[in-house]
Amino acid sequence: MTRERADWQAIADSLVPRTQAFINGAFVDARDGRTSTTIDPATGKVLANVAECGDAEVDSAVLAARTSFESGVWSRASSDTRKATLSKLSELIMANLDELAVTDSLDMGKLVTEAAAIDVPGSAMILQFYAEAIDKLAGEIPVTPPGSVALVRRVPLGVVGAVIPWNYPLEMAIWKLAPALAAGNSVVLKPAEQSPLSALRLAELAAEAGLPDGVLNVVPGRGETVGKAIGMHPDIDVLTFTGSTEVGKKFMSYSGASNLKQVWLECGGKSANLVFADIEDLNEAAEFAARAIFFNQGEVCSANSRLLVQREIAAEFIAAVVAQAKAIKVGHPFDPESTMGPLVDRGHADRVEQYLGDGAALGSVAAGGRRLTIEGSDCYIEPTVITGLPFDSAPATEEIFGPVLSVIEFDTEDEAIAIAHNSEYALAASVWTSNISRAHRVSDRLHVGTVSVNTVDALGVTTPFGGFKGSGFGRDLSLHAFEKFTGLKTTWIRY
Ligand code: NAD
């Protein structure tokens with residue numbers, strides 16, 4: 001069913017956001033009653049006042065998680081029970097699709113149609129994948145001396161702390177929760193301060209699905225307080241983080257300064273899209289190149305924010321990408337005509353605007369380049385293409401996390417690979433060529449977590465997602481995600 005703006009607005013108007021922390025199966029205020037606002041970037045209006053947790057709430061949430069874990073109510077529940085509960089949660093997500101899509105759109109500005117078509121069904125599907133995987137994992141019986149048998153099993157680790165960003169609020173929560181809960185852990189989740197609402201609703205749906213009290217706790221609040229308290233907590237066993245490289249480094253030091261909890265990081269990126277002159281269809285490649293940076297306002301960790309194009313076709317290719325950028329309609333995320341919404345908040349728009357200035361000074365702006373005010377909100381940035389940038393300049397190497405594409409021309413394969421590697425990050429890369437040898441040769445040499453060939457940003461629940469270098473080292477999605485949330489345990493029996 002195609003919905004009009006008024007239809008989405010009606011859903012938004014009927015929303016009653018959950019604003020309290022969710023601890024031990026109940027919604028509770030922060031102990032000192034403190035709240036902070038979450039703002040709709042499309043209008044600048046306050047959406048809700050949300051409990052601003054602190055150390056006390058983190059302590060309560062960890063205690064609830066620990067108690068539930070030790071009780072065995074979830075950690076030792078049968079695989080059938082866990083599968084049924086997580087499947088039920090997946091169904092409830094789909095049953096509340098519109099509400100969840102509107103919630104994330106309001107909280108961080110993404111197009112509501114994309115949240116409804118991608119984020120929410122994707123979350124339900126990922127949860128279902130892990131629910132189904134629970135009883136497909138088996139242990140090992142390695143060879144041991146006669147008169148003995150050793151059983152090697154994957155066991156849950158205990159209390160998982162999960163700290164997530166705002167670009168895919170519901171989906172990032174699910175990427176962490178689904179494998180962590182499927183494996184039998186209890187979780188304390190901190191959503192980003194910009195986008196706490198869908199995680200709180202998710203906790204309520206999880207309770208409705210039958211997840212026992214204390215198994216999932218959600219503590220909204222600021223990174224420097226709640227995030228740090230989770231990172232430093234002596235009774236959290238594993239920390240899973242998605243966010244910036246800068247904050248990822250902090251979690252490593254929190255762990256070292258506290259209990260040596262395992263830390264798994266999914267951090268930033270500055271992914272390169274290498275387009276060779278032998279591509280089969282220039283217009284298709286240009287369309288993908290534009291989508292790879294402008295989708296979700298460019299607020300995607302694996303966005304292909306550097307376009308490396310071979311000189312012979314550069315002029316034609318850039319013109320095609322510029323045409324794509326100019327065709328994007330920036331506007332209110334509920335408007336069906338809009339193909340790009342606002343950035344998450346004014347602070348982030350300020351930061352991206354700074355890069356627009358730097359880019360214009362160092363290169364030339366081929367499309368966009370301006371911050372826009374739409375319906376009273378100045379969180380909008382035009383889809384921007386900057387050419388002629390030195391490959392090692394700040395806009396061409398730093399993660400902008402907005403709709404800004406840096407274009408760099410190259411002559412040879414070696415040069416393209418060297419430029420692609422000139423980054424502190426190593427999350428993803430794309431390669432466009434019709435030469436199969438080149439496709440293999442270049443993708444073999446690119447040192448990144450995922451190489452997409454003749455497509456961009458390829459990603460699926462069955463394949464691991466994550467990076468190398470400053471992009472971190474955890475892997476979300478696929479059965480490999482269980483490696484983060486389980487430990488190998490050996491039981492050696494002499495007989
Ligand atoms: P961020 O690092 O600022 O915040 C992420 C989370 O960390 C938030 O919940 C925040 O409150 C918390 N935090 C902030 N400061 C903290 C501190 N001092 N101690 C503890 N916790 C703290 O990132 P962001 O701005 O929310 O999101 C954008 C970043 O996320 C980008 O760098 C992007 O590349 C990255 N990202 C990575 C992936 C991936 O899978 N690799 C996916 C999405 C986003």
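Quick caveat, the model's predicted, so the values are computed rather than measured. Because only heavy atoms are used, hydrogens play no part in the values below, and waters and symmetry mates are left out as well, while side chains stay in. In each ligand, atom 1 is the first atom listed, and ligand 1 is the first ligand listed.
Other residues, nucleotides and ligands place more than 12 heavy atoms under 6.0 Å from the NZ atom of Lys329. Residue-environment remark: NZ (Lys469) exceeds the threshold of 12 foreign heavy atoms within 6.0 Å.
Contact annotation: for Glu399 versus ligand 1, heavy atoms closer than 4.0 Å belong to the side chain alone. By the criterion of a heavy-atom distance under 4.0 Å, both the backbone and the side chain of Glu266 are placed next to ligand 1. Counting heavy atoms closer than 4.0 Å to ligand 1, residue Phe241 contributes side-chain atoms (C-beta onward) but none from N, CA, C or O.
Here's the thing with Cys267: one of its N/O atoms is less than 3.5 angstrom from an N/O atom of ligand 1. Backbone and side-chain nitrogen or oxygen atoms of Thr242 are examined, and none is located within less than 3.5 angstrom of a nitrogen or oxygen of ligand 1. For ligand 1, none of its N or O atoms has an N or O atom of Asp476 under 3.5 Å away. Between Trp166 and ligand 1, a contact under 3.5 Å exists for at least one N or O pair. For ligand 1, the polar-atom distance check finds no N/O of Gly227 at less than 3.5 Å from any of the ligand's N/O atoms. Remark: ligand 1 and Ile164 share an N or O pair separated by less than 3.5 Å (distance only, no angle test). Considering both main-chain and side-chain atoms, Ser244 comes within under 3.5 Å of ligand 1 through a nitrogen or oxygen pair. Of the polar atoms of Trp175, none of the N or O atoms is found under 3.5 Å from an N or O of ligand 1, judged by distance alone.
A heavy-atom separation below 4.0 Å is not found between Gly231 and ligand 1. Put simply, no part of Tyr168 is less than 4.0 Å from ligand 1, judged by heavy atoms.
Comparing Val163, Asn167, Val226 by heavy-atom distance to atom 43 (C) of ligand 1, the nearest is Asn167. The closest heavy-atom contact to atom 28 (C) of ligand 1, among the options Tyr425, Phe401, Phe465, comes from Phe401.
Taking the ring axis of Tyr168 as reference, the NZ or CZ atom of Lys110 stays within 45° of it and closer than 6.0 Å to the ring centre. Annotation: cation-pi pair Arg291/Phe295 absent, no NZ/CZ under 6.0 Å from the ring centroid and within 45° of its normal.
Closest protein heavy atom to atom 20 (C) of ligand 1: Gly223 O, 3.1 Å. The shortest contact between atom 35 (C) of ligand 1 and any protein heavy atom is with Gly243 O, 3.2 Å. Looking only at protein heavy atoms, the nearest one to atom 10 (C) of ligand 1 is Glu193 OE1, 3.4 Å. At the top of the distance list for atom 15 (N) of ligand 1, counting protein heavy atoms only, stands Val247 CG2, 3.5 Å. Ranking protein heavy atoms by distance to atom 39 (C) of ligand 1, first place goes to Cys301 SG, 3.1 Å.
The distance from ligand 1 to the heavy atoms of Phe251 drops below 4.0 Å at these ligand atoms: 20 (C), 21 (N).
Side-chain N or O atoms of Ser430 include none that pairs as donor or acceptor with a backbone N or O of Val456 at under 3.5 Å. Arg351 places a side-chain N or O within donor-acceptor distance of the main-chain N or O of Ile400, the cut-off being under 3.5 Å. Checked by atom type and distance alone, the side chain of Asn259 pairs as donor or acceptor with a backbone atom of Ile236 at under 3.5 Å. Proximity of a side-chain donor or acceptor of His421 to a complementary backbone N or O of His447 within less than 3.5 Å is detected.
Between the side chains of Ser186 and Ser68, at least one donor-acceptor pair of N or O atoms lies under 3.5 Å.
Under the side chain to side chain donor-acceptor pair (under 3.5 Å) criterion, Arg82 pairs with no residue at all, not counting sequence neighbours.
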Could you give the side-chain donor-acceptor pairs of residues 21-32 under 3.5 Å, partners two or more places apart or in another chain?
unit_1, atom_1, unit_2, atom_2, d
Asp29, OD1, Gln20, NE2, 3.1
Arg31, NH2, Ser60, OG, 2.9
Asp32, OD1, Arg34, N, 3.0

